[in-house]
Every structure is written in structure tokens, then in C-alpha cells.
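Contents: one structure, followed by commentary.
Here is the naming used below: chain letters follow the sequence lines, and residue numbers restart at 1 for every chain. All values below were derived from every heavy atom in this structure, side-chain atoms included, with hydrogens, water molecules and symmetry-related copies excluded.
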Protein chains: 2
Amino acid sequence: MADKKIPKATARRLPLYYRYLRFLYEAGKERVSSAKLSEAVKVDSATIRRDFSYFGALGKRGYGYDVEALMNFFSKTLNQDRLTNVALIGVGNLGQALLNYNFRRNNNIRISAGFDVKDDLIGTIHQGVPIYDINEMVDQLEMQQIDVAILTVPSEIAQEMADKLVKGGVRGIMNFTPIRVTVPKEVRVHNVDLTNELQTLIYFINYYQDFDQKTEPEEDDNPLNDLFYNE
Amino acid sequence: MADKKIPKATARRLPLYYRYLRFLYEAGKERVSSAKLSEAVKVDSATIRRDFSYFGALGKRGYGYDVEALMNFFSKTLNQDRLTNVALIGVGNLGQALLNYNFRRNNNIRISAGFDVKDDLIGTIHQGVPIYDINEMVDQLEMQQIDVAILTVPSEIAQEMADKLVKGGVRGIMNFTPIRVTVPKEVRVHNVDLTNELQTLIYFINYYQDFDQKTEPEEDDNPLNDLFYNE
DNA sequence: GAATATTATTGAAATATTTAACAAATTCAG
DNA sequence: CTGAATTTGTTAAATATTTCAATAATATTC
């Protein structure tokens with residue numbers, strides 16, 4: 001099925017489309033146009049149409065897109081038609097929050113195993129998810145055929161854990177640590193770096209000026225105060 | 001450097017560079033090359049040099065970059081030389097995890113106020129952070145001069161809370177809800193959508209063979225990469 | 001059923017970003 | 001002091017992504 005070349009930027013928007021289509025479906029809507037979709041997901045309608053067109057002709061001219069059909073198409077495309085089990089490595093604060101987050105509720109994704117080093121966690125069940133000793137990780141990953149993991153461990157052991165994950169056959173890692181781990185090229189890592197995100201946001205609000213607002217940058221000794229960003 | 005624009009992609013990498021420079025500084029390193037940096041942050045060295053060059057000539061040919069000087073430069077650039085107070089809207093599971101996350105430890109960012117609707121939370125202090133009634137939000141935001149907020153509320157009230165944040169003068173919102181909120185264009189929103197991230201990751205491991213780990217998010221980035229900007 | 005309005009599809013143009021290549025500057029060894 | 005080795009800064013080329021514009025198909029209206 002991995003035949004066509006879908007741009008990565010497009011791939012990243014698919015879940016967004018899927019989610020809104022489900023919302024429309026549940027609201028009883030039968031059709032939707034790229035313009036309407038654009039409003040909800042805040043992506044230019046031309047981009048949406050272009051994105052969809054990579055998958056073939058999904059809509060009807062003069063009509064728009066059939067909500068149910070499109071939803072089902074994306075469901076398959078995003079593997080939402082079968083359950084994906086995910087491992088949680090590191091059951092600390094963030095890890096436990098993610099357990100509670102419950103991806104399952106609206107998606108066919110669930111955290112099915114947790115791993116930690118702490119004795120008081122090992123052997124317990126959190127939110128219905130059993131927590132194993134990290135030493136059993138490679139075996140359990142193989143046995144349970146898990147191929148996606150969420151990494152929420154201290155930075156110091158991030159690489160070591162990534163190595164174990166690879167050994168256990170994991171093909172995708174959602175990395176919440178600030179460390180850029182090294183893995184074989186067939187393993188995919190998505191970094192979610194909360195501190196980075198905040199810093200970038202702060203940078204943007206301080207140095208981005210909206211041309212439409214015609215605001216002048218403040219005068220100070222920072223060499224960057226005359227930088228502008230174009231949206 | 002004057003009247004040059006910093007590409008958004010570059011801006012998103014700045015925190016990454018900054019973090020590693022601090023690591024090098026603490027490890028006592030005095031100089032670093034773009035090649036060495038590249039290895040750690042997993043960004044092509046040409047891209048790194050290109051990124052730096054937007055800010056002027058920060059290095060020396062044949063030598064590399066002075067760790068301390070560069071670190072200090074980025075510290076200023078990223079506003080790390082002064083404390084940024086951030087509000088947390090919604091002190092649920094994820095919100096509490098973020099309180100514990102403690103951005104402060106390694107960065108000049110701290111959550112200084114929390115807001116919630118729950119009576120048993122209002123008036124309490126979590127991780128040293130006072131939790132206020134959401135009804136006081138607009139006033140408190142103004143009074144405390146907070147201009148960045150983290151939004152971790154149920155989807156149903158995401159837009160309503162965003163409106164309040166705007167009213168309270170907030171200029172940057174890190175949005176953990178799956179809703180794409182509508183705000184005036186001078187307010188910046190970074191979306192961190194955990195379910196999206198997982199779905200995209202799953203899509204990638206199923207449909208892409210060739211993983212080029214160099215480009216991210218948000219993104220994700222972004223992460224959440226979908227990191228993902230209200231552009 | 002013809003006329004008009006909608007709206008997807010598609011090729012092309014415009015932007016944005018990454019990568020490659022190399023001259024210029026500097027270090028370093030001897 | 002000289003030449004070889006490094007490594008940046010920068011121009012240009014290559015990729016990737018978004019947006020535009022022309023066209024074609026379908027629906028809706030009268």
C-alpha cells in the first residue's frame with residue numbers, strides 16, 4: 001500500500017482532517033467542502049484539496065466531499081481500523097498523565113504496557129495498564145508485538161532506552177526527552193520537546209511582527225528587533 | 001542582519017542549539033564546530049551554519065564557534081536572560097504533569113499561576129503555584145502581566161478560554177487541546193496535539209520506508225511537532 | 001433541461017527550506 | 001614564517017511545500 005509519495009507535510013495533517021471528519025459524521029453531516037474544512041482545521045483550502053488529491057479523486061466537483069466515505073478512507077489510511085498497541089517507557093509524572101490521557105477513547109490507539117525501574121510501580125496496574133520492570137522490556141515488546149513506544153524517561157537514560165526499544169523491534173518512538181536519540185534509519189523518531197515549544201513560542205511573540213498591524217519594533221539594543229516574519 | 005527575516009524553520013531550531021550549547025558550556029567545552037553540533041542535534045551542519053548566518057557572523061573560519069559567546073547570544077535571543085511567567089489553564093492530569101515538569105529548572109520559564117473551575121483546586125498551591133478560579137483569569141492575567149499561557153482544558157471550552165486569554169492580554173498560547181482555536185492574528189498559537197502526533201507516527205512507520213530523521217515538527221513538532229503554528 | 005453556481009482536480013508559479021560547494025579566513029604544525 | 005588543514009560564511013542549486021489559476025464536472029435553480 002505504500003505506493004505513492006505523500007509529502008511529509010501532508011502526512012502530518014491527515015490526523016487533523018480525520019478528527020474533524022469524525023466530528024462532522026457524528027454531527028450527522030453528509031457532505032463538506034474544502035472551504036468548510038479549512039475553517040475548522042485552519043489550513044488553507046487549496047492545501048487541503050492538494051493534500052486530498054495525492055490520494056486520488058476523493059471528492060465530487062460541484063458537491064464537495066462525502067463525509068462518511070472520506071472519514072472511512074482516512075480511517076484506513078491512518079490504520080484506525082485496527083488497534084495499535086503502544087508501550088510507555090517511564091511512568092513518572094508525564095508518563096502517568098499520558099496514561100490518563102487515554103488515547104483510546106477516540107482512537108484506536110492504546111497504551112498497553114508500561115515500563116519503569118521503580119519497585120513500587122513494577123507489578124502494579126495504572127489505568128488498566130500493567131507496569132513491567134524495564135529489564136523485561138525487550139522480551140515484552142517482542143512478545144506483545146508492540147512497535148510504537150512513548151519515551152518519557154530522564155534524559156540520562158534516553159539513548160539507552162532507545163537502544164532497548166530498537167532491540168525489542170519497535171519501529172516508531174515518540175520521544176518526550178530533549179535528547180535527540182540515535183537509531184537505525186528504519187526506525188522513526190518524533191520528538192516532542194515541551195521546553196523547546198515554549199521557548200519557540202516566546203521567541204515568536206517577541207520578534208514576530210504582523211505587517212498588517214503596522215507595528216514598529218521596539219527600540220532597544222537587541223540586534224534582532226528589526227527582524228520580521230512573514231506568515 | 002538588519003532587515004533580514006529569520007525563517008520559521010530556523011526559529012524552531014534555536015532552542016535546540018541553545019540547549020546543547022549550555023550542555024557544552026557546563027561540560028567545560030570552549031569551542032564547537034557546526035559538524036560536532038550537527039551530530040548532537042541531528043540537524044545537517046550546512047543547515048546549522050545557514051541558520052547561524054541569519055544572525056550575522058557568529059563563528060570564526062578555521063576555528064568554529066565560541067561556546068560561551070554563542071550560548072550567551074542565544075540566551076538573549078531566546079529571552080532566557082529574563083524570567084518569563086506562564087499561566088496554566090486547566091489543572092487536570094496533563095496540567096498537573098506540566099506543573100511537575102518544571103520548565104524552570106533549566107530555563108528561565110516558570111508557570112506562575114494556574115486556573116481551574118474545580119472548587120477543590122481553587123485556592124490551593126500545587127508545586128508552589130497558586131491555583132485561581134477561572135473567573136478571575138482575565139484580571140489575574142492582566143495584573144500579573146502574563147503573556148504566555150498553556151491551555152490544557154477540555155475541548156468543549158477551549159475556544160471560550162482562548163477568548164478569555166486574549167482578553168487578558170496573552171500573546172502566545174501553547175494549545176494542548178485538539179481544537180484549532182480562533183484568535184486575533186497578533187496572538188500566536190502553537191498546537192501540541194498528542195493524539196495527532198501518535199497517529200502521524202503510526203502512519204509514517206506503516207507507509208514510509210525511508211526515514212529522514214533530520215526534519216521534524218512539530219511541528220512538530222511539531223511536535224507535536226506538528227508544531228504547528230497559526231500560520 | 002438549459003443556465004448558473006459550486007467546487008474538485010491539476011498544472012504551473014511562487015515560497016520556503018535544505019543541501020551542496022567552495023572561496024576566504026584562520027589555526028596549527030613544524 | 002610557510003604551507004597544509006580546518007571550518008566558517010555564503011552563493012547557488014536542489015527539494016519541498018504552498019498557493020494560484022484555468023478547467024472540468026456536478027449540482028441546483030428556474
Side-chain angles (χ1 to χ4, degrees), chain A residues 4-14 16-17 21 29-39 41-67 69-70 73 208 211 227-231, chain B residues 1 4-14 16-17 29-39 41-67 69-70 73 200 204 208 210-222 225-231:
Chain A
K4 257 177 275 166
K5 181 79 195 313
I6 308 294
K8 276 178 235 154
T10 295
R12 276 185 236 118
R13 285 187 290 265
L14 299 183
L16 206 55
Y17 300 145
L21 285 166
K29 299 283 184 193
E30 292 185 356
R31 54 185 275 194
V32 66
S33 67
S34 61
K36 210 83 182 91
L37 218 44
S38 171
E39 223 174 278
V41 300
K42 304 268 197 295
V43 172
D44 188 272
S45 66
T47 301
I48 292 179
R49 292 197 299 277
R50 165 64 82 232
D51 282 349
F52 288 3
S53 78
Y54 287 115
F55 297 95
L58 302 178
K60 271 198 234 174
R61 295 167 192 232
Y63 177 88
Y65 300 91
D66 182 274
V67 168
L70 196 56
F73 176 79
Y208 168 89
F211 284 121
L227 300 174
F228 285 80
Y229 291 89
N230 258 321
E231 293 263 345
Chain B
M1 332 155 234
K4 253 188 243 156
K5 283 181 300 193
I6 306 296
K8 274 176 279 192
T10 295
R12 276 181 234 125
R13 285 187 290 265
L14 299 183
L16 207 54
Y17 300 145
K29 299 283 185 196
E30 292 186 355
R31 54 186 272 193
V32 66
S33 67
S34 58
K36 211 83 182 91
L37 218 44
S38 170
E39 223 173 278
V41 300
K42 304 269 196 294
V43 172
D44 188 273
S45 67
T47 301
I48 292 179
R49 292 198 300 279
R50 196 85 178 68
D51 282 349
F52 288 4
S53 78
Y54 288 113
F55 297 96
L58 303 177
K60 270 198 231 172
R61 293 169 194 229
Y63 177 88
Y65 300 90
D66 182 273
V67 168
L70 197 56
F73 177 78
T200 305
F204 270 97
Y208 285 74
D210 169 37
F211 294 151
D212 150 16
Q213 300 284 350
K214 282 174 197 153
T215 40
E216 197 48 48
E218 204 301 292
E219 230 333 36
D220 252 67
D221 275 40
N222 206 163
N225 288 230
D226 143 333
L227 306 191
F228 307 111
Y229 299 81
N230 60 337
E231 52 214 301

Which nucleotide in the set [options] lies at the smallest distance from any side-chain heavy atom of [X]?
| X | options | value |
| --- | --- | --- |
| A/Ala46 | D/dC20, C/dA21, C/dT17 | D/dC20 |
| B/Asp44 | D/dT18, C/dA20, C/dT9 | C/dA20 |
| B/Ser53 | D/dG9, D/dT11, C/dT17 | D/dG9 |
| B/Lys60 | C/dT26, C/dA8, D/dT19 | C/dT26 |
| A/Arg61 | C/dT19, D/dT18, D/dT23 | D/dT23 |
| A/Arg13 | C/dA20, D/dT18, C/dA8 | D/dT18 |

Can you tell me how far apart [atom1] ([X]) and [atom2] ([Y]) are? Round to the nearest 0.5 Å.
| X | Y | atom1 | atom2 | answer |
| --- | --- | --- | --- | --- |
| B/Phe52 | B/Leu14 | CZ | CG | 8.5 Å |
| A/Leu70 | A/Leu37 | CG | CG | 7.5 Å |
| A/Thr10 | A/Tyr17 | OG1 | OH | 7.0 Å |

Write down the distance between [atom1] ([X]) and [atom2] ([N]), rounded to a whole number of angstrom.
| X | N | atom1 | atom2 | answer |
| --- | --- | --- | --- | --- |
| A/Ile48 | D/dC20 | CD1 | P | 14 Å |
| B/Lys36 | D/dT8 | NZ | P | 13 Å |
| A/Leu37 | C/dA8 | CG | P | 9 Å |
| A/Phe52 | C/dT7 | CZ | P | 15 Å |
| B/Tyr63 | D/dG9 | OH | P | 13 Å |
| A/Asp51 | D/dT18 | CG | P | 7 Å |
| A/Asp66 | D/dA27 | CG | C1' | 15 Å |
| B/Arg49 | D/dT7 | CZ | P | 11 Å |

statement: What one should report as the nearest heavy-atom pair of A/Tyr63 and A/Arg31 is O-NH2, 3.0 Å

Heavy-atom closest pair, residues B/Ser34 and B/Arg49: OG-NH1, 3.0 Å

query: For A/Arg50 and A/Ser33, take the nucleotide of DNA chain C holding the closest heavy atom to each; which residue's nucleotide lies nearer the 5' end?
result: A/Ser33

message: For A/Ala9 and A/Arg31, find the nucleotide of DNA chain D closest to each by heavy atoms; which residue's nucleotide sits nearer the 5' end?
response: A/Ala9

task: Answer with base, sugar-phosphate or nothing: what part of the nucleic acid does B/Ser34 contact at a heavy-atom distance below 4.0 Å?
output: sugar-phosphate

query: Which part of the nucleic acid, if any, lies within reach of B/Ser45 when heavy atoms closer than 4.0 Å are counted: base, sugar-phosphate only, or nothing?
result: nothing

- prompt: At under 4.0 Å, does any side-chain N or O of B/Thr47 touch on OP1 or OP2 of C/dT18?
  reply: no

message: Does a side-chain N or O of A/Tyr65 approach OP1 or OP2 of C/dT9 to a distance below 4.0 Å, or not?
response: yes

